[in-house]
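As a basis for the values below, the full set of heavy atoms in this structure was taken, side chains included, without hydrogen atoms, waters or symmetry mates. The chains referred to below are lettered A, B, ... by the order of the sequence lines, with proteins before strands, and numbering in each begins at 1.
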Amino acid sequence: MPLRLYNTRTRKIEAFQPRREGQVSIYVCGLTPSAQAHLGHARSFLFFDILRRYLAFSGYHVTYVQNVTDIDDRSIAAAHRLGVSWREIVAGYYAEFKRSMQRLGVREPDKEPYATDFIPQIRETISALIEREYAYVASDGIYYRVGKFANYGALSNRNIAELEAGARIEIDEAKEEPLDFALWKFAKPGEPHWPFEPYGDGRPGWHIECSAMSHALLDPAGTGFDIHGGGADLIFPHHENEIAQSEPLMARPPMADFWLHGGLLLFDNRKMSKSLGNFEPLSEVLDRYDPQAIRLLFLRTGYGKVMNFTEEAMAGAVATLSRLRRDYRLLHEAAASADGTAGGGGSLTERVVAALDDDMNTAAALREVLAAASAPAAGDARERLRELRSVLNLLGIEPDDRWLASPEELPLPADLAGALRAEIGEPWLDGIDDGRTALERVVAERLAARADKDWSRSDRLRDALARCGIEIKDGKEGSAWSVVR
RNA sequence: GGCGACGUAGCCAAGUGGUAAGGCAGGGCUCUGCAAAAGCCCCACUCGGCAGUUCGAAUCUGCCCGUCGCCUCCA
């Protein structure tokens with residue numbers, strides 16, 4: 001059963017077939033780092049990360065390009081506002097984004113082209129469009145002549161008349177038609193600019209960089225590439241415009257066979273976006289929640305569906321993750337003591353593959369993984385572990401040291417001794433700076449209190465420990481403590 | 001106004017013709033000084049509403065209602 005994907009271009013689920021045997025070329029619209037990335041970005045890139053992993057797992061050699069639109073009105077405006085250069089703005093936000101992606105386990109793109117590194121190719125593309133009358137020079141820039149491209153609207157399923165009826169487009173006198181969009185904006189005083197003879201210095205408009213860079217990096221022959229992706233909010237106008245810019249210059253359209261779009265993430269039932277400002281920066285969400293839990297959260301919903309983020313749902317994902325870790329650790333322990341009878345295995349992988357073949361149904365795949373991880377010991381533990389690890393890897397979940405550590409072996413919270421001193425404030429903690437020593441001292445104090453049946457003191461100490469990130473479990477033989485993950 | 005998606009328990013969500021997965025929250029029990037953790041059990045006679053197709057529908061069709069998105073910068 002081959003991989004089947006929903007193709008925005010045809011509005012159908014189709015069997016995926018790459019153009020070149022064994023190779024897949026993907027272009028995904030990346031970030032415009034003119035503001036902090038938010039959780040919605042994470043959802044989108046997390047999906048393409050899993051798609052990539054799955055294609056590679058299926059034996060394809062994948063070339064994954066994800067651009068950086070490093071020049072746009074917003075970063076210029078932000079630079080003016082903050083009195084720094086636009087390059088600093090972009091570099092800062094992009095570095096933060098990259099760190100977040102790394103924390104989420106999203107693999108680096110094979111190529112990460114910056115728009116401003118492709119100014120020559122952008123100029124070339126614009127010149128070619130002007131030559132063929134798909135573009136014209138106006139007083140404040142160079143525009144794309146939408147009316148000239150017969151297929152305009154095909155991707156997003158709309159027609160020019162409807163779009164004009166929308167009438168939310170500002171009338172710009174410089175343009176021939178309201179739908180025409182800028183390919184090149186002539187520089188105003190104080191704005192960054194690049195030369196473009198004979199038309200005038202300026203900067204690229206949004207959209208053109210993707211046409212120029214996908215052509216340069218994935219499709220020099222002008223015959224198209226395999227997959228073009230991005231968030232659903234890019235379908236119109238961004239991807240529609242990319243097609244309009246690229247296809248008239250191609251030897252053989254379409255620009256890309258498959259157009260894949262990730263569903264938007266809502267927050268408080270509203271779109272999470274820069275302009276609404278109802279988002280928390282991704283980096284802060286990652287501070288609050290385990291990145292692997294966030295990955296699980298997104299895995300549970302179909303990639304193309306609108307999804308609403310809630311703290312409650314997030315708590316559910318956190319619980320799922322800790323159960324998965326425990327199951328994994330138990331399986332790991334069983335595998336270590338197994339005497340190594342050969343096991344068949346393979347069926348979990350088959351079920352996961354079947355799920356992903358069905359338009360990347362990660363929810364079904366995850367369901368299989370969780371069921372297999374928690375299944376009562378059946379078959380060879382080592383084989384099961386090996387398979388579980390492989391399938392987790394496919395979903396981008398990499399068991400690390402913390403997965404194997406029992407809760408007592410996890411690293412202690414930073415400055416635990418100080419925190420405990422502040423919480424408890426009793427003299428016997430004075431001078432103890434080592435977290436572990438302090439912790440053991442508190443546990444011993446509490447045990448003494450319990451022996452005296454001084455329950456209120458015992459509970460007070462337990463609460464203090466809890467506030468410092470240490471959980472106490474009283475058992476038959478003493479009290480065990482564990483670090484709250 | 002146009003185009004599109006979605007509407008399944010308090011929350012998230014799977015299921016797309018054969019009689020409602022799972023998780024979280026909640027409740028009960030075991031354990032405990034009390035907890036926590038863990039384990040067991042319970043928790044949608046029903047899938048926004050109304051018609052229709054069918055032996056049979058959450059799943060197909062039509063209409064209606066609602067929410068959200070795109071149509072302007074956006075993953």
Side-chain angles (χ1 to χ4, degrees), chain A residues 8 11 28-32 34-35 37-48 66 69 72-74 77 97 153 156-159 161-170 178-179 181 206 229-238 240 261-266 269-276 279 282 296-297 299-324 326 355 358 361-368 370-371 374 407 449-450 453-456 458-459 462-463 465-466 471-476 479-482 484:
Chain A
T8 306
R11 287 181 282 284
V28 170
C29 288
L31 200 71
T32 301
S34 52
H38 56 67
L39 247 197
H41 296 111
R43 183 187 183 199
S44 195
F45 296 116
L46 230 17
F47 165 65
F48 287 106
Q66 184 176 299
T69 301
D72 81 316
D73 294 347
R74 286 168 163 275
F97 170 73
S156 55
N157 189 32
R158 48 194 89 192
N159 61 57
E162 273 165 9
L163 287 166
E164 283 171 343
R168 286 172 64 184
I169 299 152
E170 276 180 45
L179 256 31
F181 56 90
W206 185 43
D233 53 350
L234 294 183
I235 297 172
F236 190 91
H238 185 58
E240 197 69 73
H261 291 96
L264 296 184
L265 180 72
L266 304 183
N269 236 31
R270 305 288 310 184
K271 178 180 170 184
M272 191 185 270
S273 79
K274 295 172 187 173
S275 50
L276 288 174
F279 68 92
L282 177 56
L296 285 183
L297 177 71
L299 242 20
R300 295 199 305 196
T301 305
Y303 77 90
K305 287 197 169 178
V306 173
M307 174 180 170
N308 191 27
F309 177 86
T310 63
E311 297 284 334
E312 269 182 307
M314 190 64 238
V318 169
T320 300
L321 176 64
S322 80
R323 207 163 343 98
L324 175 60
R326 192 194 67 225
D358 177 21
N361 188 340
T362 54
L366 181 63
R367 180 165 62 234
E368 296 297 345
L370 294 176
S374 65
R450 294 188 70 218
K453 298 198 189 300
D454 185 351
W455 307 125
S456 70
S458 162
D459 291 349
R462 180 171 62 202
D463 292 345
L465 286 164
E471 197 165 72
I472 288 290
K473 296 169 194 169
D474 295 325
K476 285 264 185 286
S479 299
W481 55 267
S482 56
V484 180

Chemist: Out of B:G15, B:C12, B:A75, which nucleotide sits closest to the side chain of A:N361?
Modeler: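 Taking heavy atoms from C-beta onward, the closest nucleotide is B:G15.
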Chemist: A:D72: which residues meet the side-chain hydrogen bond (donor to acceptor under 3.5 Å, both in side chains) condition with it, sequence neighbours left out?
Modeler: A:S75
Chemist: Can you find a pair of side-chain heavy atoms, one from A:L39 and one from A:F309, that are under 4.5 Å apart?
Modeler: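 Counting from C-beta outward, A:L39 and A:F309 do come under 4.5 Å.
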Chemist: Between the protein and nucleotides 41-44 of chain B, which nitrogen or oxygen pairs come in under 3.5 angstrom?
Modeler:
none

Chemist: Under a 3.5 Å limit for both distances, which nucleotide forms a Watson-Crick or G-U wobble pair with B:A58, could you say?
Modeler: none
Chemist: Which part of the nucleic acid, if any, lies within reach of A:G229 when heavy atoms closer than 4.0 Å are counted: base, sugar-phosphate only, or nothing?
Modeler: nothing
Chemist: Among the candidates B:C24, B:C68, B:A37, find the nucleotide nearest to the side-chain atoms of A:A315.
Modeler: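 Within the option list, the nearest is B:C24.
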Chemist: Is there a Watson-Crick or G-U wobble partner for B:U19 with both distances under 3.5 Å, and if so, which one is it?
Modeler: none
Chemist: Report yes if some heavy atom in the side chain of A:Y303 is under 4.5 Å from a heavy atom in the side chain of A:H261; otherwise report no.
Modeler: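 No. Closest side-chain heavy atoms not under 4.5 Å.
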Chemist: Mapping A:G262 and A:R323 onto RNA chain B by nearest heavy atom, which one lands closer to the 5' end?
Modeler: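 Whichever sits nearer the 5' end wins; that is A:R323.
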Chemist: Decide yes or no for A:S482 and A:K473: does some side-chain heavy atom of the first lie under 4.5 Å from some side-chain heavy atom of the second?
Modeler: yes
Chemist: When every nucleotide of nucleotides 25-30 of chain B is labelled 5' to 3' by its protein contacts under 4.0 Å (heavy atoms), B for base, S for sugar-phosphate only, - for none, what sequence of letters results?
Modeler: ------
Chemist: CZ of A:F236 versus P of B:A75: gap in Å, rounded?
Modeler: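 In whole Å, B:A75 P and A:F236 CZ are 16 Å from each other.
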Chemist: Please determine, for the side chain of A:L265, which listed nucleotide (B:G22, B:C68, B:A75) has the closest atom?
Modeler: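 Given the options B:G22, B:C68, B:A75, the side chain of A:L265 is closest to B:A75.
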Chemist: Keeping the roles fixed (side chain from A:S322, backbone from A:A319), state whether a donor-acceptor pair exists under 3.5 Å.
Modeler: yes
Chemist: In terms of side-chain heavy atoms of A:N308, which of B:A75, B:C70, B:C12 is nearest?
Modeler: B:C12
Chemist: Using purine N1 to pyrimidine N3 plus N6-O4 or O6-N4 for Watson-Crick, or N1-O2 and O6-N3 for G-U wobble, each under 3.5 Å, what pairs with B:A38?
Modeler: B:U30
Chemist: Counting side-chain heavy atoms from C-beta on, which of B:C11, B:A75, B:A38 comes nearest to A:R326?
Modeler: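 Given the options B:C11, B:A75, B:A38, the side chain of A:R326 is closest to B:A38.
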Chemist: Could you run down the sub-3.5 Å N/O contacts of the protein with nucleotides 31-35 of chain B?
Modeler:
residue, atom, partner, partner atom, Å
B:U32, OP1, A:K476, NZ, 3.0
B:G33, N7, A:R450, NH2, 3.4
B:G33, O6, A:S458, OG, 3.2
B:G33, N1, A:D459, OD1, 3.0
B:G33, N2, A:D459, OD2, 2.9
B:C34, O2, A:R462, NH2, 2.7
B:C34, N3, A:R462, NH1, 2.8
B:C34, N3, A:R462, NH2, 3.3
B:C34, N4, A:R462, NH1, 3.4
B:C34, N4, A:D474, OD2, 2.9
B:A35, N6, A:D474, N, 3.2
B:A35, N6, A:D474, O, 2.9
B:A35, N1, A:D474, N, 3.1
B:A35, N3, A:R462, NH1, 2.9

Chemist: Atom CG of A:L366 to atom P of B:A21: distance rounded to whole Å?
Modeler: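 That distance rounds to 18 Å.
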Chemist: Start at the 5' end of RNA chain B and walk down; is the nucleotide closest to A:T301 or to A:R43 reached first?
Modeler: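 The answer here is A:T301.
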Chemist: Send over the distance from A:F309 CZ to B:A13 P, rounded to a whole Å.
Modeler: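 Those two atoms, CZ and P, are 12 Å apart.
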Chemist: Can you tell which of B:C68, B:C73, B:A37 lies closest to the side chain of A:P237?
Modeler: B:C73
Chemist: Heavy atoms under 4.0 Å, any strand shown: does A:I235 hit a base, just sugar-phosphate, or nothing?
Modeler: nothing
Chemist: One character per nucleotide, please: for nucleotides 2-9 of chain B, 5' to 3', B when the base has a protein heavy atom closer than 4.0 Å, S when only the sugar-phosphate does, - otherwise.
Modeler: BSS-----
Chemist: Ignoring backbone atoms, establish whether A:R300 has a side-chain N or O less than 4.0 Å from OP1 or OP2 of B:G23.
Modeler: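 The answer is no; no side-chain N or O of A:R300 sits under 4.0 Å from OP1 or OP2.
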Chemist: Quote, to the nearest angstrom, the P distance that separates B:C31 from B:G23.
Modeler: 24 Å
Chemist: Residues in side chain to side chain contact (heavy atoms under 4.5 Å, CB included) with A:R158, at least two apart?
Modeler: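 Checked A:R158 against side chain to side chain contact (heavy atoms under 4.5 Å, CB included); matches are A:S156, A:E162, A:L163, A:F236.
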Chemist: Given the P atoms of B:C29 and B:C34, what is the spacing between them in whole Å?
Modeler: 13 Å
Chemist: Among the candidates B:G69, B:G22, B:A14, find the nucleotide nearest to the side-chain atoms of A:A363.
Modeler: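 Output: B:A14.
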Chemist: Does any nucleotide pair with B:C70 by Watson-Crick or G-U wobble geometry, both distances under 3.5 Å, and what is it?
Modeler: B:G2
